Amino acid sequence: MRTTTSLARLAFAAAAAAAAAAVANAAPAPEKVAAGYAVDGAAIPFADSPDLVDTAAAASGLDDVYVVSEPVPFNQSNISYHGGQVYSQPIDIHIIFYGNHSLDTQRIVSNFVSGLNSSSWWTVARTYYGSTGNVTANVAVAGTYNDNYSAGKSLPLGGAWNIATNAAKAMGWPDPNSFKTYVPRPLYLVLLANDVEETGPGGQNCVAFCGYHSGKVMSVTDATRCPGTLPSVDGVYKGSPGCMPRYWRNQTDPAYSINRNQHADSMVGIIAHEIIETASNWDQAWTDSKGLECADKCETQYLDVKGIGSTSPYNDAYNVEFGGNRYLIQSLWSATSQTCLLAQP
């Protein structure tokens, strides 16, 4: 989507997404089997309901607002190249853990980010290109920083940018506000603890968005703050959208997820979403006709899920494995295959 750091435009995006969420929580339409809807590769009955992803994306003044809905249409328009640049040079991710994150959460997240480019999922990411080449194969964690609520627990919308700037000063990292071209290219990942809200006129995290990226800065919310509720047993979506993968929603056990840590496990999928969309569309390079970016188009599509049986529990659900670890993340739209994939053929 459009590359901007304007917080005024962000307020409009949040308001639109919040309005869409309110509509989605109204009484659903009669149940209908829609062949264009797929969950884990199989069409299942879901009620017609507004597509929160489309609504938020079309109105967004940020590069991207990640909003969870159930489910995303599988038969979408193709994504196309608009002439902008992608991150073809190596990327350094600077991770800022804002608020209270356990050492285990920090370990899981850091391992995930440092190994993402070695995963089969990243082969789909590399189908995106610009005039200087394809999206880089080299993504590394350049450092981490712990911020003990320096700006409090209620942040203005877009407050992650100031947190990233302060962390960069403290650590001697490149300035997120600088126009200087650094190699590797620095990106800043701000992870908000589950007791932190990022608010502003028109919306807040967990209501209007789960994460977003703007310029070099990405903000991701710990989804245990807003897990959402499950669809009803008949498959008709009657719950509230949330930021937690549906396999782990409605659970009171913080260890009910693949790595027995819902805080970390719920964030890694949003992190992957924001990293690839920053890498592939920071300069108005790749969107479809509705303005959706490559990860928007496959939100909630957890393909090839392993570790689950025909009934609950689903805490062992995962679909990618790298670096000796397992994770559950959404699939990604391929620029060459023009569909959602977990790995490029």
Side-chain angles (χ1 to χ4, degrees), residues 1 36 38-43 53 57 63-64 66 71-91 93 111-140 184-185 187 213 218 245 258 268-290 292-307 317-345:
M1 300 175 204
V39 176
D40 302 332
V53 179
D63 298 343
D64 176 65
Y66 178 108
V72 174
F74 214 59
N75 56 342
Q76 300 181 52
S77 62
N78 287 355
I79 200 165
S80 57
Y81 179 57
H82 304 290
Q85 297 298 313
V86 302
Y87 279 143
S88 59
Q89 295 172 315
I91 296 173
I93 307 288
N111 286 345
F112 175 82
V113 176
S114 63
L116 185 61
N117 65 315
S118 67
S119 70
S120 57
W121 191 85
W122 199 255
T123 63
V124 187
R126 299 212 67 226
T127 64
Y128 291 88
Y129 59 83
S131 62
T132 58
N134 291 68
V135 165
T136 181
N138 300 304
V139 181
R185 306 298 293 271
L187 296 180
H213 61 97
M218 301 167 283
I258 183 61
V268 295
I270 309 172
I271 290 169
H273 180 117
E274 301 306 340
I275 290 176
I276 181 50
E277 290 195 340
T278 302
S280 65
N281 196 44
W282 69 276
D283 186 36
Q284 304 182 57
W286 289 90
T287 59
D288 71 6
S289 59
K290 294 182 179 180
L292 294 180
E293 299 174 277
C294 59
D296 296 331
K297 293 172 68 62
C298 301
E299 225 167 79
T300 75
Q301 294 294 337
Y302 300 100
L303 303 180
D304 194 25
V305 178
K306 304 175 181 65
Y318 74 98
N319 60 359
V320 294
E321 186 172 5
F322 53 86
N325 300 295
R326 294 173 172 176
Y327 309 97
L328 180 67
I329 61 176
Q330 66 165 86
S331 53
L332 183 62
W333 193 268
S334 166
T336 54
S337 302
Q338 294 293 344
T339 191
C340 296
L341 298 173
L342 275 179
Q344 189 64 33

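The basis for the numbers below is simple: all heavy atoms, side chains too, and nothing from hydrogens, waters or symmetry mates. Quick caveat: nothing in here was measured; it's all calculated off a predicted structure.
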Expected output: side-chain [X] to main-chain [Y] donor-acceptor under 3.5 Å:
| X | Y | result |
| --- | --- | --- |
| E277 | A295 | yes |
| S337 | S334 | no |
| Q284 | N281 | no |
| D304 | N319 | no |
| W121 | Q330 | yes |
| Q85 | Y129 | no |
| N134 | R126 | yes |

[X] side, atom [atom1]; [Y] side, atom [atom2] - distance, nearest 0.5 Å:
| X | Y | atom1 | atom2 | answer |
| --- | --- | --- | --- | --- |
| I275 | I91 | CD1 | CD1 | 8.0 Å |
| I270 | M218 | CD1 | CE | 13.0 Å |
| T336 | Q344 | OG1 | CD | 3.5 Å |
| W286 | S280 | CH2 | OG | 9.0 Å |
| I93 | I271 | CD1 | CD1 | 9.5 Å |

[X] vs [Y] side-chain heavy atoms within contact, under 4.5 Å:
| X | Y | answer |
| --- | --- | --- |
| T287 | L292 | no |
| C340 | L303 | yes |
| L116 | V139 | no |
| I79 | Y128 | yes |

What is the minimum heavy-atom distance between [X] and [Y], and which atoms define it?
| X | Y | result |
| --- | --- | --- |
| L342 | S331 | CD2-CA, 4.0 Å |
| S114 | N117 | O-OD1, 3.5 Å |
| D296 | E293 | OD2-N, 2.9 Å |

Which residues pass the side-chain contact (heavy atoms from CB on, under 4.5 Å) test with [X], not counting sequence neighbours?
| X | answer |
| --- | --- |
| A343 | S120, T123 |
| A125 | W122, I276, L332 |
| S289 | S77 |

With sequence neighbours left out, what residues match [X] under side-chain hydrogen bond (donor to acceptor under 3.5 Å, both in side chains)?
| X | result |
| --- | --- |
| D288 | K297 |
| S118 | none |
| T136 | none |
| S80 | none |

Residue pairs meeting salt bridge (Lys or Arg N to Asp or Glu O under 4.0 Å), one or both in residues 322-340, sequence neighbours left out, come to E321-R326
Steps toward side chain to side chain contact (heavy atoms under 4.5 Å, CB included) verdict (S119, V320): CA-CA 8 Å; S119 70; V320 294; 5.7 Å; no
For F322, enumerate each residue passing the ring-ring contact (aromatic ring centres under 6.0 Å, His included) test, keeping only those at least two apart in sequence or located in another chain. F112, Y327
Pair L328, Y302 - check side chain to side chain contact (heavy atoms under 4.5 Å, CB included), show working. CA-CA 7 Å; L328 180 67; Y302 300 100; 3.9 Å; yes
Would you call the rings of W282 and Y87 parallel, tilted or perpendicular, where under 30° means parallel and over 60° means perpendicular?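 The arrangement is parallel - the two ring planes meet at less than 30°.
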